[in-house]
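Counting from 1, the numbers follow the sequence of the chain as shown. For ligands, and for the atoms within them, numbers begin at 1 and follow the listed sequence.
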Amino acid sequence: MTIHNFGPGPAVLPDVALKKTAEAILELDNTGLSLLEISHRSQEFEAIAAEAESLLHELLDVPAGYRTLFLGGGASTQFVVVPYNLLNTKAAYLETGAWAQKAIAEAKHFGEIEVVASSKDKNFTYIPKKYTVPKDADYFHITTNNTIFGSELHTDLDCPIPLVADTSSDILSRPMDVSKYALIYGGAQKNMGPAGVSFVIVREDVLGKVDRRIPTMLDYRTHVEHSSLYNTPPVASIFTVREVLRWVKAEGGVVEMQKRNRAKAKLLYDEVDRNPLFAGTVAKEDRSLMNACFVMSKGNEDKEAAFLEFVSARSIVGLKGHRSVGGFRASMYNALPLESVQELVDCMRLFEEDNK
Ligand SMILES: *Cc1c(COP(=O)(O)O)cnc(C)c1O
């Protein structure tokens with residue numbers, strides 16, 4: 001039976017990537033060895049890691065001068081590693097949600113942090129637009145998609161200083177102009193692969209500019225120099241990332257992903273706006289295509305548990321909203337088919353009928 005997985009992460013992955021991973025765990029490419037048994041220094045794995053990097057660069061049209069690193073520790077570790085490597089005296093941050101707040105808290109250990117704008121006043125239901133980025137800051141940090149609150153920056157900002165972006169939950173969901181960023185990072189487990197590996201796309205010329213000494217493992221230059229093989233990287237997770245990237249390419253790349261993501265989001269948000277039982281939580285122009293947050297409308301709050309039960313009986317999982325928003329969150333990453341969104345929309349209509 002088909003399960004419709006709206007989970008926020010770890011999340012739905014393309015079937016073909018799961019199948020290829022399952023096969024490789026039993027035996028990798030006629031080596032007689034499992035993917036879990038091979039050396040990270042073997043020719044086979046080096047080719048896998050190299051292909052993952054080159055596919056990502058091809059899909060995102062990454063200009064020369066950038067490298068991609070595949071590292072352990074999750075996006076949360078990058079909250080520390082970014083300022084360790086880039087923050088000399090001061091950095092600017094845009095506070096758009098819980099993940100941005102965590103990034104800010106970590107960066108404060110390294111220097112002065114200027115929060116240029118925040119949407120905290122309205123529980124992060126919009127993206128602040130009017131602010132000035134201080135020219136004397138070492139970088140400006142943004143969260144392109146706010147996984148928990150369901151808001152998203154839909155364009156690549158022009159920024160007078162190096163721009164750093166946590167793109168954990170919208171990487172590969174649309175074409176992006178990588179040249180506008182100094183560093184792009186995230187955990188793979190939302191839209192790029194399984195848990196256990198993070199990606200960092202970094203413009204090499206921004207490295208080596210801080211005065212402090214950086215521990216070897218936390219120094220991006222270590223991993224650039226060794227092509228992510230300084231120590232043992234998450235071998236199996238990187239394999240699955242490569243399979244997901246192959247799938248994105250075969251399906252038509254990020255232009256096609258964006259087209260599908262727009263269609264899925266429109267289908268759902270149109271129903272949220274039409275159906276009197278439900279209400280969206282985020283300013284319309286800032287609604288995320290990846291994570292759609294909505295709640296029961298005023299006067300219908302008591303039906304929340306019943307709706308969750310209703311959808312779970314129809315094989316929809318992962319729809320419960322984050323505790324800081326409540327209600328529902330439909331995560332619609334690249335691998336979630338339109339049919340799953342249609343199923344959810346059908347549920348909303350049927351639930352409306354049942355509650356007339
Ligand atoms: C999930 C998420 C994180 C945290 O990722 P981990 O890999 O669990 O550390 C950080 N930022 C954003 C935007 C996320 O969605």
Side-chain angles (χ1 to χ4, degrees), residues 5-13 68-84 91 93-107 115 118-120 123-128 139-154 156-157 163-174 176 181 183-201 217-218 223 228 233-234 236-238 240-241 244 261 282 286-293 318 320-325 329-336:
N5 184 2
F6 286 90
V12 58
L13 289 170
T68 289
L69 313 175
F70 293 109
L71 308 170
S76 301
T77 300
Q78 298 309 315
F79 295 163
V80 183
V81 183
V82 164
Y84 225 130
Y93 277 69
L94 189 62
E95 190 184 38
T96 52
W99 295 116
Q101 287 182 307
K102 287 191 170 161
I104 290 165
E106 295 300 329
V115 175
S118 173
S119 46
K120 197 176 165 196
N123 200 28
F124 300 116
T125 49
Y126 69 103
I127 304 276
Y139 63 85
F140 178 43
H141 180 285
I142 57 174
T143 312
T144 49
N145 183 64
N146 298 285
T147 323
I148 291 176
F149 293 94
S151 68
E152 184 174 7
L153 238 167
H154 296 289
D156 301 306
L157 298 179
L163 182 62
V164 174
D166 175 357
T167 64
S168 292
S169 48
D170 64 346
I171 187 84
L172 296 168
S173 69
R174 63 170 175 91
M176 78 193 280
Y181 300 83
L183 192 148
I184 293 167
Y185 71 91
Q189 72 273 18
K190 313 286 168 51
N191 210 22
M192 197 196 272
V197 63
S198 311
F199 57 90
V200 177
I201 306 172
M217 271 301 286
L218 301 185
H223 303 290
S228 304
S237 297
I238 292 171
T240 309
V241 164
V244 172
N261 291 329
V282 171
D286 298 327
R287 282 173 165 178
S288 169
L289 301 192
M290 296 280 96
N291 313 95
C293 292
K320 193 174 165 57
H322 190 273
R323 60 192 176 279
S324 46
V325 180
R329 168 175 50 173
S331 297
M332 301 177 283
Y333 299 119
N334 286 348
L336 186 86

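- His141 and Thr143 make their closest contact through CE1-OG1, 4.1 Å (heavy atoms, listed as atom of the first residue, atom of the second, distance).
- Looking only at protein heavy atoms, the nearest one to atom 15 (O) of ligand 1 is Thr147 OG1, 2.4 Å.
- By the criterion of a heavy-atom distance under 4.0 Å, both the backbone and the side chain of Ala75 are placed next to ligand 1.
- A side-chain hydrogen bond (donor to acceptor under 3.5 Å, both in side chains) check over residues 69-78, counting only residues at least two apart or in different chains, returns the pairs Gln78-Tyr220.
- Taking the six-membered ring for Trp and the full ring otherwise, Tyr93 and Tyr139 have centroids separated by under 6.0 Å.
- Asn123 and Thr125 share no donor-acceptor pair across their side chains, judged by distance under 3.5 Å alone.
- No side-chain N or O of Ser173 forms a donor-acceptor pair with one of Asn191 less than 3.5 Å apart.
- Contacts with ligand 1 closer than 4.0 Å are made by backbone heavy atoms (N, CA, C, O) of Asn145 only, the side chain lying farther away.
- The protein heavy-atom contact nearest to atom 11 (N) of ligand 1 is Asp166 OD2, 2.6 Å.
- With hydrogens and angles left out, the side-chain atoms of Tyr333 and Asn291 include a donor and acceptor closer than 3.5 Å.
- Every atom of ligand 1 with a heavy atom of Gly74 under 4.0 Å away is listed here by number and element: 7 (O), 9 (O).
- Considering only non-hydrogen protein atoms, atom 2 (C) of ligand 1 sits nearest to Lys190 NZ, 2.6 Å.
- Neither the backbone nor the side chain of Tyr185 has any atom closer than 4.0 Å to an atom of ligand 1 (non-hydrogen atoms only).
- Looking from atom 9 (O) of ligand 1 to the surrounding protein, the closest heavy atom is Ser76 OG, 2.6 Å.
- In summary, the atoms of ligand 1 found under 4.0 Å from a heavy atom of Phe79, numbered by their order in the structure, are 10 (C).
- Annotation: atom 8 (O) of ligand 1 to nearest protein heavy atom, Gln189 NE2, 3.4 Å.
- Considering CD of Glu95 and OG of Ser119, their distance stands at 7.5 Å, rounded to 0.5 Å.
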